[in-house]
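Accompanying notes for the structure given below.
Chain A is the first sequence line, chain B the second, and so forth, proteins listed ahead of strands; every chain is numbered from 1.
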2 protein chains.
Amino acid sequence: MATDSAPSSVLRPTLRERKKQRTREALIDTALRLFTQRDFDGVTLDELCDRVEVSKRTFFRTFASKEEVAMAPYEDMWRAFINELESRPVAAECSILQVLQEAVLAAMRTMDTGEWAHRLLSCTRLAGRTPAIEAHCRYFCGVTVRAALDVLHRRFGLDPHDLRPRLALDILVAAFHRALETWADRPQDPTAEHLATDTLAAFAAIPGSLTLTGAAPADRAPQSRVGTL
Amino acid sequence: MATDSAPSSVLRPTLRERKKQRTREALIDTALRLFTQRDFDGVTLDELCDRVEVSKRTFFRTFASKEEVAMAPYEDMWRAFINELESRPVAAECSILQVLQEAVLAAMRTMDTGEWAHRLLSCTRLAGRTPAIEAHCRYFCGVTVRAALDVLHRRFGLDPHDLRPRLALDILVAAFHRALETWADRPQDPTAEHLATDTLAAFAAIPGSLTLTGAAPADRAPQSRVGTL
DNA sequence: AAAGCAAACGCCACTCAGTGGCAAACTGCC
DNA sequence: GGCAGTTTGCCACTGAGTGGCGTTTGCTTT
């Protein structure tokens, strides 16, 4: 099945692991396709497993729930985010929020831009119209935020009782969700570059959200200012 | 069962509605008690329904899911929040975020402080250790935020494409969750007053979360400044 | 007060997500 | 080539959630 017959170089994962990976991707792709064609609830796991020719038991050894397979591309990105947060060198004078924002953008760049962006688009649109998936997505965010908070405390030595780092993380996640929403609402098939643009725009809108007032027609400058971080 | 035999005054709900309400409360109380004693997963709906002497069919006419009954006190508060947002008079010069914060505090005050606080405590602690409940809770927040956004647009005539009101709502919810966490971590049984205090503290920590830096030992003043809104 | 009506309830059967156990198949390694 | 450890498939089972339908209960009208 593999097109390149190059001999195994260093660090090549074992056959067992490659098979597992291939099963995982087949499940994700087939699931996203089926869930998009019909509804999430309109596709049973039995059918999905039949298509991929895998037993339901195996499905649950790969994913913890029906929702998880649909959100896998999204979750992969946040796992990359945690890695970035763990390993990126950071300038000392940066604010925590800036560090977090850069880690998100870096994580996006580590994803395979082609197929990944397309899959993320599918699962974002799916999440937007499927309560069960949205719930799972939000729960996963909570887990990720706690993991990220752990890293922050380790790397920056913050006060464990300080609410602000945690708030900064929640704000980051909220802004990124706004970006995803904007991105997925674009007509046709938006690219990974569009996502980066929309993410910057959402991050730029954060400060203004604290001071925004309602009475006046509200100047719209801040949110479209997609300038440097 | 009712202790006061005063004749029905104006606006008394019908017997049918009172019965329904009593069933609802019995389900909530029994569920919170059972879920707290054993685990959420350790209690089946069949058992819960047996205890309350209600058919499972009736349970699902009252609540949409097993998770919902556990989070009912929490959800009731957010529904009150929407009402406040809809009906409260607001000073023109206030920021949107301030309006939202005051609506949250007002909603808390409309809840029956005695029993409600105790129930909210149970479901907060439950949510903290039950993934399924946390997921449901977060999904519900998303629905509430969208409803609130609707009210904001209607009352303040904001640009539908402006990301900032939505961000402000997400930040509000995040801060309130921090407050709940702090509150539920207090030893013994914290009261509704404690919750108001913790909520103010969480709100006060918002601005500092955007500018917080990691290198220095981080001044802790802003988060403990529980001053006026 | 009796009858009529609509809402709510209980019961039954069913679908489907998710789990545990065990035997068969496969991979990695010698 | 054969052994050891992992992975997979199959089967049976639990429990959440739904639809249908006949019965009960509260409200209303005369």
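dT18(D) atom P lies 15 Å from atom NZ of Lys66(B), rounded to whole Å. In this structure, NZ of Lys20(A) is placed 13 Å from P of dG9(D), rounded to the nearest angstrom. dG17(D) atom P lies 8 Å from atom CZ of Phe59(B), rounded to whole Å. With rounding to whole Å, Phe40(A) atom CZ is found 14 Å from dG17(D) atom P. With rounding to whole Å, Lys19(A) atom NZ is found 14 Å from dG9(D) atom C1'. Atom CG of Asp41(A) is separated from atom P of dA16(D) by 18 Å (rounded to the nearest Å). When rounded to the nearest whole Å, the span between CD1 of Ile133(A) and P of dA17(C) equals 12 Å. In this structure, Arg57(B) atom CZ and dA7(C) atom P are separated by 16 Å, rounded to whole Å.
Remark: side-chain polar atoms of Trp183(A) are paired, donor with acceptor, to backbone N or O of Thr191(A) under 3.5 angstrom. Side chain of Arg125(A) to main chain of Thr36(A): no donor-acceptor pair is present (N/O by atom type, distance under 3.5 Å, no hydrogens or angles). Side chain of Arg119(B) to backbone of Leu32(B): no donor-acceptor contact under 3.5 angstrom is found.
Between dC27(D) and Thr14(B), a contact under 4.0 Å exists linking OP1 or OP2 to a side-chain N or O. For dG10(C), one of the phosphate oxygens OP1 or OP2 lies less than 4.0 angstrom from a side-chain nitrogen or oxygen of Thr58(B).
Comparing Arg18(B) and Ser65(B) by the nucleotide of DNA chain D whose heavy atom lies nearest to each, the residue mapping closer to the 5' end is Ser65(B). Both Phe60(A) and Thr62(B) lie close to DNA chain C; mapped to their nearest nucleotides by heavy-atom distance, the more 5′-ward contact belongs to Thr62(B). Nearest-nucleotide assignment on DNA chain D puts the 5′-proximal partner with Glu53(A), out of Glu53(A) and Leu45(B).
The aromatic rings of Phe63(B) and Phe59(B) lie tilted to each other, with the angle between the two planes from 30° to 60°. Phe40(A) and Phe35(A) have perpendicular rings, their planes meeting at more than 60° on a 0 to 90° scale where under 30° would count as parallel.
Atom CH2 in Trp78(A) sits 12.0 Å away from atom CD in Glu75(A) (nearest 0.5 Å).
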At a cut-off of 3.5 Å, list every protein nitrogen or oxygen paired with a nitrogen or oxygen from nucleotides 3-5 of chain D, distance to 0.1 Å.
residue : atom : partner  : partner atom : Å
dG5(D)  : N2   : Arg16(A) : NH2          : 3.1

*Can you list the steps and then say if His194(B) with Thr197(B) is a side-chain hydrogen bond (donor to acceptor under 3.5 Å, both in side chains)?*
CA-CA 5 Å; His194(B) 291 136; Thr197(B) 305; over 6 Å; no
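Contact of Lys56(A) with dG9(D) (side chain to base): no donor-acceptor pair of N or O atoms is detected under 3.5 Å.
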